[in-house]
Amino acid sequence: MKILLVGATGAIGGAVHAALSDRGHDVIAAHRGSREWPVDISDPAQIDDIVHKAGVLDAVACTAGSTPFGPWRQMDRDAWKSGINSKLLGQVELVRQAADHVRTGGSFTLITGILAREPIRTGSVASAVNGALEAWVRATAAELWGEQRINAVSPTVLTESLGKYGEAFPGFPSVPAADVGRAFVRSVEGTDTGRIYAI
């Protein structure tokens, strides 16, 4: 398959890239720092550029998008807008613009996270954004029925990131990045739609 992977760097992006490439897929690795495939999903114009450049696709996968963290009283309107514009609207806009470039029967796989279902202190924006995105995926799957599939992968804290983020997730189980990569393979190569793969 020809797959556009947006956010192809970092622990998750790298693992997804490796998992899809190891399956023999042609993966277009797009990310902010790329010279050939640069994209910031908070900018609709950059999304437009990348999907037109990519051409006809079998699948789109996204591991990009960020949200701010901090005590909820410190999360002002600008903080909320940054999370919404990046991880939520960025991925929604990616699907919206790429829908005309993904073949019938193709798929979209987005990234959310455990905070949609298991909140932590300082994670109010992330919880809201991830929860909204998961609800949107389920709703959109019904509208894409018979055309394309859409799912999301919702991992807990990565094992590789425990040194950096473990204190914020006390007692949470961790998951290796490679398992997240395999969940993306399941979504891309399988038949599910409207699924949230909680791992």
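These figures come from a predicted structure and were not determined experimentally.
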Spacing of [atom1] belonging to [X] relative to [atom2] belonging to [Y], to within rounding of 0.5 Å:
{"X": "L162", "Y": "F172", "atom1": "CG", "atom2": "CZ", "value": "12.0 Å"}
{"X": "I50", "Y": "H31", "atom1": "CD1", "atom2": "NE2", "value": "9.5 Å"}
{"X": "T67", "Y": "L88", "atom1": "OG1", "atom2": "CG", "value": "11.0 Å"}

Running the 4.5 Å side-chain criterion over Ile, Leu, Val, Met, Phe, Trp and Tyr, what cluster does L20 land in, apart from itself? M1, I3, L5, I12, V16, V27, I111, V153, L158, V175, V180, F184, V185, V188, Y197, I199
Give me the other members of the hydrophobic cluster that V56 sits in, counting Ile, Leu, Val, Met, Phe, Trp and Tyr linked by side-chain heavy atoms under 4.5 Å, directly or via other members. none
What closest approach, in Å, do [X] and [Y] show between heavy atoms, and which atom pair accounts for it?
{"X": "H17", "Y": "A29", "answer": "CE1-CB, 3.8 Å"}
{"X": "S124", "Y": "W72", "answer": "OG-CB, 3.7 Å"}
{"X": "A15", "Y": "A177", "answer": "CB-O, 3.3 Å"}
{"X": "L110", "Y": "L133", "answer": "CD1-CD1, 4.1 Å"}
{"X": "V51", "Y": "A98", "answer": "CG1-CB, 3.9 Å"}
{"X": "P68", "Y": "A79", "answer": "CG-O, 3.3 Å"}

Pairs involving residues 108-119, ordered by first then second residue, that meet side chain to side chain donor-acceptor pair (under 3.5 Å) (sequence neighbours left out): T109-S187, T112-E134, T112-S154, R117-S154
Residue pairs passing the side chain to side chain donor-acceptor pair (under 3.5 Å) test with at least one member in residues 155-172, sequence neighbours excluded, are T159-S174
Could you give all pairs that pass the salt bridge (charged side-chain N to carboxylate O under 4.0 Å, His left out) test and reach [range], with sequence neighbours left out?
{"range": "residues 141-154", "answer": "none"}
{"range": "residues 46-71", "answer": "D58-R103"}
{"range": "residues 32-46", "answer": "R32-D40"}
{"range": "residues 173-191", "answer": "R23-E189, D179-R182, R186-D192"}

Identify, with sequence neighbours excluded, every residue that meets side chain to side chain contact (heavy atoms under 4.5 Å, CB included) alongside D100. none
All side chain to side chain contact (heavy atoms under 4.5 Å, CB included) counterparts of L89, not counting sequence neighbours: I84, N85
Who passes salt bridge (charged side-chain N to carboxylate O under 4.0 Å, His left out) against R96, sequence neighbours left out? E93
Hey, any chance [X] and [Y] share a hydrophobic cluster, counting ILVMFWY side chains that come within less than 4.5 Å of each other, even indirectly?
{"X": "V39", "Y": "L57", "answer": "yes"}
{"X": "V125", "Y": "F69", "answer": "no"}
{"X": "L115", "Y": "M75", "answer": "no"}

Is there a donor-acceptor pair closer than 3.5 Å between any side-chain N or O of [X] and the backbone N or O of [Y]?
{"X": "K2", "Y": "A54", "value": "yes"}
{"X": "Q91", "Y": "K87", "value": "yes"}
{"X": "S86", "Y": "S66", "value": "yes"}
{"X": "S34", "Y": "A30", "value": "no"}

With heavy-atom distances below 4.5 Å as the criterion, would you say the side chains of V60 and V102 are in contact? yes
Can you find a heavy atom in the side chain of F169 that is under 4.5 Å from one in the side chain of I114? yes
Determine whether I196 and N151 satisfy the following criterion, side chain to side chain contact (heavy atoms under 4.5 Å, CB included), listing intermediate values before the conclusion. CA-CA 6 Å; I196 309 299; N151 301 298; over 6 Å; no
Not counting sequence neighbours, which residues clear side chain to side chain donor-acceptor pair (under 3.5 Å) with W136? List them please. T140
Please report the C-alpha distance between T63 and V6 in whole Å, then the side-chain angles of each, then the deciding distance to 0.1 Å, and finally whether the side chain to side chain contact (heavy atoms under 4.5 Å, CB included) criterion is met. CA-CA 6 Å; T63 67; V6 177; over 6 Å; no
